[in-house]
Chemist: 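This is the structure I have questions about; it appears just below.
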Amino acid sequence: MTGKITVITGPMYSGKTTELLSFVEIYNIGKKKTLVFKPAVDNRYGHDIVSTHTGFSVKAEIIARASEIMKKITPEFDAIFIDEVQFLDTELVEIAKKLAFQGIDVYCAGLDMSYLEKPFETTARLLAIADVVIKKKAVCEKCGEHRATYSYKIVPDGGEIDVGGKDKYIAICRDCLKQLKST
Ligand code: ADP
Ligand code: TMP
Ligand code: MG
Ligand code: ZN
């Protein structure tokens, strides 16, 4: 049987990593062969772990390029999980397809948009080929409603790739973004 491609996306704090790790747990309980990856650029929580904003973590393979995934897995794997896909090159899209054809399930989590409201290309392309898309929302940090779809930068521009957490970004909804833009 072929595998399936699942993409979990949304703004910061929407629970992407939490959901990714809950899928890891499901496969692990079933004694499936899995591997978790994350790009080298995200150095927030130590070097070889994928971690949620609440501090829950699992061990991960650190990769600089998507092509490194192929070197680390064999056909016996049941599923692979990749966090922060927005930081990986677009070769990940072909790799995800290839693995799915080989019968391996591929789970990707990553930001849909940067704080500039621009789509991250690797995530956007993965969304196009996904079998299952899970689009998550965060709690808006201005109005408190569970409808935040944007990651808003609260510090001076550090570039479109700028690793951080609550020190740099908040999650907000479109109404609150509109308000912020008009002030
Ligand atoms: P993501 O990977 O999407 O950034 P995580 O799975 O790492 O998200 O973290 C989700 C957790 O972040 C939530 O369970 C919650 O405890 C915490 N959190 C902090 N700020 C918010 C927010 N604005 N909305 C929702 N959850 C938040
Ligand atoms: P998160 O989705 O797990 O919260 O992680 C998002 C990471 O991406 C975090 O390190 C901050 C970073 N980031 C950017 O580099 N550029 C951006 O435009 C945004 C919104 C986040
Ligand atoms: Mg995350
Ligand atoms: Zn709001």
Side-chain angles (χ1 to χ4, degrees), residues 1-45 47-53 56-138 149 151 160-161 163:
M1 231 182 30
T2 59
K4 77 172 184 211
I5 301 168
T6 302
V7 179
I8 306 161
T9 194
M12 289 183 68
Y13 319 111
S14 61
K16 301 180 300 295
T17 303
T18 302
E19 184 132 5
L20 186 77
L21 297 188
S22 76
F23 282 119
V24 174
E25 188 176 16
I26 287 166
Y27 280 77
N28 288 346
I29 290 169
K31 302 217 170 8
K32 308 288 187 199
K33 198 165 166 60
T34 63
L35 207 50
V36 181
F37 295 93
K38 78 163 196 181
V41 63
D42 181 0
N43 57 8
R44 268 180 303 174
Y45 304 98
H47 284 305
D48 56 354
I49 56 169
V50 162
S51 179
T52 68
H53 288 287
F56 179 61
S57 67
V58 302
K59 267 193 85 67
E61 300 287 323
I62 309 302
I63 50 172
R65 299 198 58 78
S67 57
E68 290 172 40
I69 292 173
M70 297 310 282
K71 293 183 202 140
K72 292 182 191 261
I73 60 162
T74 55
E76 295 79 58
F77 276 88
D78 296 296
I80 65 157
F81 304 84
I82 312 143
D83 200 11
E84 307 281 14
V85 291
Q86 76 274 3
F87 292 143
L88 281 171
D89 53 286
T90 55
E91 199 184 339
L92 181 60
V93 182
E94 284 312 308
I95 290 169
K97 269 162 68 178
K98 194 169 170 180
L99 293 175
F101 272 107
Q102 286 176 11
I104 298 172
D105 292 333
V106 180
Y107 289 82
C108 300
L111 291 171
D112 44 7
M113 286 182 280
S114 73
Y115 75 99
L116 297 173
E117 298 161 49
K118 286 202 202 134
F120 277 110
E121 195 180 354
T122 300
T123 314
R125 291 203 199 180
L126 284 168
L127 286 168
I129 62 151
D131 301 293
V132 180
V133 172
I134 302 172
K135 181 116 175 177
K136 301 191 67 83
K137 294 186 294 275
T149 48
S151 311
E160 214 168 4
I161 294 185
V163 170

Chemist: Kindly compute the distance separating CG (Asp78) from CG (Leu35), expressed to the nearest 0.5 Å.
Modeler: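 These two atoms lie 12.0 Å from each other.
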Chemist: Calculate, to the nearest 0.5 Å, the distance between atoms CD and CG belonging to Glu94 and Asp89 respectively.
Modeler: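 Between Glu94 CD and Asp89 CG, I get 11.5 Å after rounding to 0.5 Å.
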Chemist: For residues Thr52 and Leu21, report the shortest heavy-atom separation together with the two atoms involved.
Modeler: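 Between these two residues, the closest heavy atoms are CG2-CD1, 4.0 Å.
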Chemist: For salt bridge (charged side-chain N to carboxylate O under 4.0 Å, His left out), just list the numbers for Lys38 and Asp83, CA-CA rounded to whole Å, side-chain angles, deciding distance to a tenth of an Å, and then say yes or no.
Modeler: CA-CA 5 Å; Lys38 78 163 196 181; Asp83 200 11; over 6 Å; no
Chemist: Verify the distance criterion only: is there a donor paired with an acceptor across the side chains of Asp105 and Thr6 at less than 3.5 Å?
Modeler: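 Side-chain D/A pair, Asp105 to Thr6: absent.
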Chemist: Show the nearest heavy-atom pair for residues Leu88 and Thr122, with the distance to one decimal.
Modeler: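 What the structure gives for the nearest pair is O-OG1, 2.6 Å.
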Chemist: Closest heavy-atom contact between Ala96 and Ile129?
Modeler: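 Heavy atoms of Ala96 and Ile129 come nearest at CB-CD1, 4.4 Å.
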Chemist: Looking at side-chain heavy atoms only, is the closest gap between Phe56 and Thr18 below 4.5 Å?
Modeler: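 Answer no - side chains too far apart.
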Chemist: Looking at every heavy atom in both Ser151 and Met12, which two are closest together, and how far apart are they?
Modeler: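 In this case the closest contact between Ser151 and Met12 is OG-N, 3.1 Å.
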Chemist: Return the CG to CD1 distance between Leu92 and Ile69, rounded to the nearest 0.5 Å.
Modeler: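 That separation rounds to 5.0 Å.
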Chemist: Is there a salt bridge (charged side-chain N to carboxylate O under 4.0 Å, His left out) between Glu61 and Lys72 once you walk through the steps?
Modeler: CA-CA 9 Å; Glu61 300 287 323; Lys72 292 182 191 261; 3.3 Å; yes
Chemist: Run the numbers on Glu121 and Arg125 for side-chain contact (heavy atoms from CB on, under 4.5 Å), then give the verdict.
Modeler: CA-CA 6 Å; Glu121 195 180 354; Arg125 291 203 199 180; 2.4 Å; yes
Chemist: Report the C-alpha separation of Thr34 and Phe81 in whole Å, then their side-chain angles, then the decisive distance to 0.1 Å, and conclude whether the side-chain contact (heavy atoms from CB on, under 4.5 Å) test is met.
Modeler: CA-CA 8 Å; Thr34 63; Phe81 304 84; 3.7 Å; yes
Chemist: Report yes if the side chains of Ile73 and Leu99 come closer than 4.5 Å at any heavy-atom pair, otherwise no.
Modeler: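 They are in side-chain contact.
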Chemist: Where is the tightest heavy-atom contact between Val85 and Gly110, given as atom of each residue plus distance?
Modeler: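 Here Val85 and Gly110 meet closest at CG2-CA, 3.8 Å.
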Chemist: Quick check for you: to the nearest 0.5 Å, what is the distance between Ile134 atom CD1 and Leu20 atom CG?
Modeler: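 Rounded to the nearest 0.5 Å, the CD1-CG separation comes to 9.5 Å.
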Chemist: Under the 3.5 angstrom rule, does the side chain of Asp48 hit a backbone N or O of Lys59 as a donor-acceptor pair?
Modeler: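 Flag not set: sc Asp48 to bb Lys59 has no pair under 3.5 Å.
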Chemist: side-chain contact (heavy atoms from CB on, under 4.5 Å) between Thr123 and Met113: does it pass, once the steps are laid out?
Modeler: CA-CA 9 Å; Thr123 314; Met113 286 182 280; over 6 Å; no
Chemist: Rounded to the nearest 0.5 Å, how far does CD1 of Ile80 lie from NZ of Lys33?
Modeler: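 So the NZ of Lys33 and the CD1 of Ile80 are separated by 13.0 Å.
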Chemist: If you measure from OG1 on Thr149 to CD on Glu117, what distance do you get to the nearest 0.5 Å?
Modeler: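 CD of Glu117 is found 9.0 Å from OG1 of Thr149.
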Chemist: Consider side chain to side chain donor-acceptor pair (under 3.5 Å). Of Lys135, Lys118, Gln86, Lys136, which one does Asp112 pass it with?
Modeler: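 With Asp112 as partner, Lys135, Lys118, Gln86, Lys136 yield a single side chain to side chain donor-acceptor pair (under 3.5 Å), made by Lys135.
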Chemist: Locate the shortest heavy-atom distance separating Lys16 from Leu111; write the atom from each residue and the value.
Modeler: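 Shortest heavy-atom separation between Lys16 and Leu111 comes out as NZ-CD2, 3.7 Å.
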Chemist: Check whether any side-chain N or O of Glu68 sits under 3.5 Å from a backbone N or O of Ala64 as a donor-acceptor pair, and report yes or no.
Modeler: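 Pair found, side chain donor or acceptor close to backbone of Ala64.
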Chemist: Does the pair Val106 and Ile95 meet the rule for a side-chain contact (heavy atoms from CB on, under 4.5 Å), with working shown?
Modeler: CA-CA 10 Å; Val106 180; Ile95 290 169; over 6 Å; no
